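Per chain, numbering begins at 1; letters A, B, ... match sequence-line order. Quantities reported herein were computed from a predicted structural model and do not represent experimental measurements.
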Amino acid sequence: MALVLNEEQRLLRDTARDFLATSAPVNALRKLRDEHDATGYCPELWRQMTDLGWANIIVPEVYDGLDFGFVGLSLIMEETGRTLTASPLFASSVVGTSAILMGGNTQQKENLLPRVAAGDLTLALALEESHHHRPSTIATRAEHQKGGYVINGEKTFVLDGHSADKLIVVARTSGEYKSTEGISLFLVDSSADGVKCHRTIMADSRNAANIEFEQVSVDADSLIGDENSGWDILEPVLDRGRIAIAAEMMGCALEAFERTMDYLKERVQFDVHIGSFQALQHRAAHMQAEIELCRSVLLQAAFSVNEAPEQLPILASLAKAKLNELVKLVTNEAVQMHGGIGITDELDIGLFLKRARVTMQIFGDTGFHKDRYATLCNY
Amino acid sequence: MENLEQFRIEVRQWLELNCPDSQRHPMAAKEQYWGGRTGKFSSADARLWFERMRDKGWIAPEWPAAYGGGGLSDRQGKIIKEEVKRIGARPPLVSIGIWMLGPALLEYGSEEQKQKHIRAIVNGEIRWCQGYSEPGSGSDLASLQTKAEDRGDHFLVNGSKIWTTSADKSDWIFCLVRTDPNVKKQAGISFLLIDMASAGVSVSPIRLISGESEFCQTFFDNVQVPKENLLAELNSGWSVAKFLLVHERKLMSELGSDSPRQVMAPNVVAHEYLDVENGKLVDPQLRSELVDYDMSMHAIALTHFRTFEEKTAGVHSAAPLVMKYVGTEAEKIKSELLLAIMGSRGLGWEGEQFTDQEIDTLRLWAMSKAMTIAGGTSEVQLNVIAKNVLQLPKS
Ligand SMILES: Cc1cc2nc3c(=O)[nH]c(=O)nc-3n(C[C@H](O)[C@H](O)[C@H](O)COP(=O)(O)OP(=O)(O)OC[C@H]3O[C@@H](n4cnc5c(N)ncnc54)[C@H](O)[C@@H]3O)c2cc1C
């Protein structure tokens, strides 16, 4: 039933929560960061996650998937937000897998999906070209050459780009610089000649890369979908990504919020618990109200992916914009309400603040989604 | 599920046949029908629409048929509401009896009380008002002082109530009164039903910033109230009040989506009053505020939907407790936004130079300020969330 989780979904969420709390707590991210881990995530953990079927949740049964629906995937994303778990789940199993599912031909699906689901192969979307999300502003070009294509261009903020086996490259095959027409998607091996990858070390200690493509040759069958119609695949893929990242943001916000509420009940000043101060209570209660609204939005958005695709664009923008604002509010308040200890590296709260800041920029900031929402409402 | 779809079709067909065309658009304040001994219909169609809905049992669809309700399920009731809204039909009866007192009567009333009062509410015969607040007791409602002394076969009531909405037009008042001054303040309160025609009851209207005088101060001077008018046990009025408050807050949280006095949606008004170029509002600030508002309302609507689904599925969540706060705060934002969009045309107080819509918008802007005060202020709502949801220590 819409907006209320069913038994199976609750079970999946609880299992994910238990697993992540023991196998991938926030400390795991801290360790990756402190050890300057080259992969940026723990392959052993990723193996366990794929064994649990998490990379396979939205894949239909014909490709040996679990066909559990997008709500299930969003629940897992939410739980990884609570533990700040670094893994290719978002880049590969949400975005990459969706692109193959929605745009790929049978051969690509049969060839790629099982390997992605098993964790033997990871994908990443090479989309952004500037420091703001402008998905149709594409200068990277793919030109015909010897029955295939040659790709030239530069990409930035490619999530999990430095560790992915294959990149899904958004390139222009025709059309004007900012046009949604003339965009095509290509599968490119990250080890192909002419692909130069620079990992970017970012605030959240997670993984992204700047990638250059210089005279990179690919076969004709590396094209995903039809030439020049990549936008029709890209837009719904991005919307799924927006909802999934919004779910992660919800987990991040909830965890930071709950830890802060615990602190309000623990910390004593002026001989009373600081949670008894009404100035803090009202701000906390306001956050609770925002959390409730975001919860409904997120559920409806995740449901819409499978149940009401015609509402997907508006709900994806609503969800991303709302969660951007929520996670900003909650992580900032979390730091403030902890006082001095809140800005120490020792306390995890800072890690939530940093991850929140990065997620706000992924697949569209608040302004981007407000503008899109208004446009979809015809004003 | 299939049955519900069938039910929806039947509702739709019935409404198509029975709702007069003139009743299918938002109404001005003066067109509302509130029932009661002195209630008047604004037109013959308004009467017809009310009588048809009443005879169908759809004035209170979810209430038991034995007392004049429709005897339908919550889901069916919701479908009727949705279908009524779909064709833009106005509520046939606007009634505090239905919104607030009825659920408490059903929960706490004796058989005689239910027989006597519920049918009269549904039939629009008796109009009720709420006597809680007093000059010295607002947010701290439990400190109320209006006292009711036991005089054998009746209570003797003395004191005064304030902010009593529509007391001057109501027939009966439900009151919280002090029946025991010597215990913890919440434990000495009872819930009394009082006929306003009783000797010793008087009201004086209070004029508001909206220019209307929806409120009164209500005085009780040695008013004799029969014992049978006590709802629930003696000194258990606070429980009834809390039960009823939940309904009041739910109602207020839905005002934005279900107001009996609808003003136009801001995004519609925007196209009428603002410059549009290439399908886009030119003013970036107002466009930004408009989308903020629309997104909030979208989120609020989805949350109403969620609370309904959760209730039906027996799932507990904190959502119902936040809705009064978010809903009424959004109403204030909406009114400010509408005035900003209308510019100086939104500032008309009265007269021929402004449209009815413009004047109504301004009056509602003034009234919107009341919504975050009535039924427990926003600050009190936040206190409740902090205490009951977050379980923060007492301040
Ligand atoms: C439109 C409207 C209709 C109404 N209709 C009725 C009616 O029909 N019957 C009826 O009985 N009453 C009615 N009321 C009264 C309403 O219930 C009270 O106005 C309300 O409970 C607030 O009480 P007060 O006005 O005394 O304000 P106060 O309680 O004096 O509040 C003043 C300010 O102090 C703040 N404050 C108070 N206590 C706290 C606290 N503990 N923590 C933080 N801040 C606090 C409030 O939030 C507010 O900002 C109506 C009010 C309005 C506006």
Going by heavy atoms in the side chains, are [X] and [Y] under 4.5 Å from each other?
X	Y	answer
A:Val297	B:His298	no
B:Thr307	A:Glu292	no
A:Tyr379	B:Asp294	yes
A:Leu318	B:Leu302	yes

Contacting moiety of [X], where chain B heavy atoms sit under 4.5 Å:
X	result
A:Thr366	neither
A:Leu299	side chain
A:Ile291	neither

request  = Enter the distance from A:His282:NE2 to B:Leu392:CG here, rounded to the nearest 0.5 Å.
outcome  =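 So the gap between those two atoms works out to 10.5 Å.
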
task = Quick one: pull up NE2 in B:His304 and OG in A:Ser296 and give me the separation to the nearest 0.5 Å.
result =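 Nearest 0.5 Å value for the NE2-OG distance: 10.0 Å.
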
query = Do side-chain atoms of A:Gln281 reach the backbone of B:Leu390 as a donor and acceptor pair under 3.5 angstrom?
reply =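 No: the side chain of A:Gln281 does not pair with the backbone of B:Leu390.
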
N/O donor-acceptor pair under 3.5 Å between B:Arg306 side chain and A:Leu293 backbone =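 The answer is no, because no donor-acceptor pair under 3.5 Å joins these two groups.
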
[atom1] of [X]: more than 12 outside heavy atoms within 6.0 angstrom?
X	atom1	result
B:Trp163	CH2	no
B:Asp275	CG	no
A:Glu181	CD	no
B:Lys185	NZ	yes
A:Gln336	CD	no
B:Arg287	CZ	yes
A:Glu176	CD	no
B:Ile87	CD1	yes

So which atom in [X] and which in [Y] form the shortest heavy-atom distance, rounded to 0.1 Å?
X	Y	answer
B:Met295	A:Lys322	O-CE, 3.9 Å
A:Ser276	B:Ser395	O-CB, 2.7 Å
B:Leu382	A:His286	CD2-N, 3.8 Å

ask   = Do the side-chain N and O atoms of B:Asn383 and A:Gln278 include a donor-acceptor pair separated by under 3.5 angstrom?
value =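 Yes - a donor-acceptor pair under 3.5 Å links their side chains.
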
message = Is it the case that the side chains of B:Ser288 and A:Lys370 hold a donor-acceptor pair, with the cut-off being a distance below 3.5 Å and no angle test?
response =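 Yes, side-chain donor-acceptor contact under 3.5 Å.
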
Pick from [options]: which one has the most heavy-atom pairs with chain A under 4.5 Å?
options	answer
B:Pro393, B:Ala301, B:Ala299	B:Pro393
B:His271, B:Glu329, B:Glu310, B:Met323	B:His271
B:Val276, B:Val322, B:Asn278	B:Val322

Using heavy-atom distances under 4.5 Å, tell me whether [X] contacts chain A through its side chain, its backbone, both, or neither.
X	answer
B:Ala319	both
B:Gln381	neither
B:Tyr325	side chain
B:Leu290	both

query = Under 4.0 Å between a Lys/Arg side-chain N and an Asp/Glu carboxylate O for A:Asp371 and B:Lys280?
reply =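 A salt bridge is present here (some side-chain N lies under 4.0 Å from a carboxylate O).
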
inquiry  = Run the side chain to side chain contact (heavy atoms under 4.5 Å, CB included) test on A:Arg295 and B:Ser317 for me, step by step, so that the C-alpha distance in whole Å, both residues' side-chain angles and the decisive distance to 0.1 Å come before the verdict.
reply    = CA-CA 11 Å; A:Arg295 167 61 68 210; B:Ser317 91; over 6 Å; no

